[in-house]
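Position 1 is the first residue of the sequence, and the numbers go up from there.
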Amino acid sequence: MISTWPSVTAGVGRSASSGWAPAQVLAGLSMAPGRTLRMSVLAQFAEGTLPRLSQVVARLEKRGLVTRRPDPDDGRYTLATLTDEGWAIVVATAPGHVAEVRRLVFDPLTKAQLRQLRAAGERIARAADPGAPCPGSIFSERSPS
């Protein structure tokens, strides 16, 4: 399975023009309410440290794909927002990435194998980090105004 990962992520890296981490940032923001997340929540989604995320977001900010601003509800936090230019990249590249993931990961499996894959993935994720939220729940934690 690990040997297929470069094939799955290659299209994302190319489409985001600079690798896997920027693609994760763009994807995370694209799914968030208002296309905005606290940097700390975005770091969880991108499975990276806050300092590393700050570097990635700074590069995306220079390209006009993301903006950062203090959280008006709590100035101790910084919000990252996907710009219209960043959204355009996500919209243009998402269908190709989804098709490639489907082709490489899901299409070869039967329905029973897909159920087993989901159950195994959930079990592994809980064992690896019992306190971590389910990826889908990250976006409901903080909905900026």
Please confirm whether the backbone N or O of Gly28 pairs with a side-chain atom of Ser30, one donor and one acceptor, at under 3.5 Å?
no
Is it the case that the side chain of Gln113 and the backbone of Thr110 share a donor-acceptor pair, with hydrogens and angles ignored and the cut-off at 3.5 Å?
yes
Please evaluate residues Val105 and Glu100 with respect to the criterion side-chain contact (heavy atoms from CB on, under 4.5 Å), reporting the C-alpha separation (whole Å), side-chain torsions for both, the decisive distance (0.1 Å), and the verdict.
CA-CA 8 Å; Val105 178; Glu100 189 67 357; over 6 Å; no
Over all heavy atoms of both residues, which pair between [X] and [Y] is shortest? Give the atoms and the distance, please.
X      : Y      : value
Met39  : Leu53  : O-CD2, 3.1 Å
Asp71  : Arg38  : OD2-NE, 2.8 Å
Pro130 : Ala127 : CD-O, 3.9 Å
Pro108 : Arg102 : CD-O, 4.3 Å
Ala27  : Phe45  : C-CE2, 4.2 Å

Give a yes or no on whether [X] and [Y] share a hydrophobic cluster (residues Ile, Leu, Val, Met, Phe, Trp, Tyr; joining criterion: side-chain heavy atoms under 4.5 Å apart).
X      : Y      : value
Ile124 : Phe106 : no
Leu26  : Val98  : no
Leu82  : Tyr77  : no

How about Glu47: does its CD atom have over 12 heavy atoms from other parts shown lying under 6.0 Å from it?
no
What I want to find out is whether Asp84 reaches Arg35 closely enough, with some N-O distance under 4.0 Å, to be called a salt bridge.
yes
Would Arg69 and Thr78 count as a side-chain contact (heavy atoms from CB on, under 4.5 Å) here? Give the steps.
CA-CA 6 Å; Arg69 64 184 163 83; Thr78 300; over 6 Å; no
Looking at Leu60, Val66, Ile89, Thr67, which hits side chain to side chain contact (heavy atoms under 4.5 Å, CB included) with Thr83?
Thr67
One should read off an interatomic distance between Leu50 CG and Gln44 CD, to the nearest 0.5 angstrom, of 10.5 Å
Could you walk me through whether Arg59 and Arg63 pass the side-chain contact (heavy atoms from CB on, under 4.5 Å) test, one step at a time?
CA-CA 7 Å; Arg59 288 193 304 273; Arg63 294 171 52 200; 5.6 Å; no
Would you check, one step at a time, whether the test side-chain contact (heavy atoms from CB on, under 4.5 Å) holds for Thr36 with Leu29?
CA-CA 6 Å; Thr36 300; Leu29 291 173; 5.7 Å; no
Are Pro22 and Val57 side-chain neighbours, meaning at least one heavy-atom pair lies under 4.5 Å?
no
